[in-house]
Amino acid sequence: MQIRGGWLENARQIISPFSDARPVATEISLLVVHNISLPPRQFGGPHIFELFTGQLDPQAHPYFADIYQLEVSAHGLIRRDGEFVQFVNFGQRAWHAGKSVFQGRSRCNDYSIGIELEGADDVPYTEEQYKQLILLSKCLQGSFPAITMGRIVGHEDIAPGRKTDPGVAFDWAKFRTGLTEASL
Ligand SMILES: [Zn+2]
């Protein structure tokens, strides 16, 4: 697994318009883990792609009417089967964290990479997702060495009270152990 020019090689790309340049001379130094499923708790459909590209049909599901105008994205999504899909170049700023703060520094989008796991807070993630997230994180740490182990967090950690993902179902110990032991 390798990142070249800000894109993961051999990964599927679906380009999101909801991204822009990071502030000049910003070091990428944080990895934020999220979850998403559309409709909530349903897996496998095209609706995450549609949301991140501004093409979600508000009439396709009652929930969508509330969110279809959101301009949001993440750098990538790991689907239930472990497939990684990239939406935004890692060098660009994806719009995933919203109002957020890490160790006193706000605007986490400026200096972070956001990865979504297709899932819900209380639904166990798949083995394929852990495996892919571990490999991807290792790869990102190789490209962006400021993303140290202590600088990989959940959305809930940088937007407490507002966000709950990736939730209680995400096994941080399993992830961290896997990442510590991983080799590329
Ligand atoms: Zn999130």
Side-chain angles (χ1 to χ4, degrees), residues 8 14-20 22 28-56 61 63-80 82-90 92-126 128-130 132-134 136-137 140 144 147 149-172 174-176 179:
L8 191 69
I14 297 177
I15 305 302
S16 174
F18 305 132
S19 64
D20 56 7
R22 298 179 189 274
I28 296 168
S29 60
L30 187 69
L31 178 57
V32 182
V33 179
H34 300 259
N35 75 37
I36 186 171
S37 49
L38 292 176
R41 310 176 70 82
Q42 293 184 34
F43 307 143
H47 303 302
I48 300 169
F49 304 146
E50 293 167 355
L51 178 67
F52 288 174
T53 55
Q55 296 176 30
L56 191 63
H61 186 278
Y63 180 71
F64 296 171
D66 292 331
I67 62 165
Y68 79 104
Q69 290 179 309
L70 293 177
E71 296 186 338
V72 292
S73 65
H75 289 92
L77 168 72
I78 299 175
R79 307 196 85 191
R80 300 297 289 183
E83 184 195 12
F84 177 75
V85 181
Q86 189 167 351
F87 304 97
V88 175
N89 187 297
F90 293 123
Q92 292 284 109
R93 176 170 59 186
W95 301 352
H96 59 95
K99 185 171 163 48
S100 52
V101 59
F102 178 71
Q103 294 183 351
R105 186 178 173 192
S106 62
R107 300 181 60 87
C108 294
N109 283 344
D110 288 355
Y111 57 93
S112 69
I113 286 169
I115 300 297
E116 301 274 359
L117 301 171
E118 186 175 23
D121 290 3
D122 58 349
V123 178
Y125 296 92
T126 68
E128 290 83 359
Q129 287 179 305
Y130 282 105
Q132 183 73 284
L133 181 63
I134 287 165
L136 177 64
S137 300
L140 288 168
F144 308 105
I147 301 177
M149 291 299 283
R151 298 183 68 89
I152 302 176
V153 298
H155 199 186
E156 59 194 304
D157 300 313
I158 60 170
R162 190 174 71 81
K163 292 293 178 180
T164 59
D165 60 315
V168 293
F170 188 71
D171 188 340
W172 282 100
K174 176 189 176 83
F175 166 68
R176 290 187 191 287
L179 183 54

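Counting convention: from 1, in listed order, for ligands and their atoms alike. The residues of the chain are indexed from 1 along the displayed sequence.
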Strictly under 6.0 Å, is that where the ring centroids of Phe87 and His75 end up?
no
Could you identify the N, O or S atom of His155 positioned closest to the Zn ion (ligand 1)?
ND1
Between Arg79, Glu83, Arg80, which is the residue that forms a side chain to side chain contact (heavy atoms under 4.5 Å, CB included) with Gln129?
Arg80
The Zn ion (ligand 1) - closest N/O/S atom in Asp165:
OD2
Name of whichever N/O/S atom of His34 is nearest to the Zn ion (ligand 1)
ND1
Under a 4.0 Å threshold between the charged nitrogen and the carboxylate oxygen, would Asp110 count as salt-bridged to Arg22?
no
Ignoring hydrogens and geometry beyond distance, is a side-chain donor-acceptor pair present between Asp171 and Tyr125 at under 3.5 Å?
no
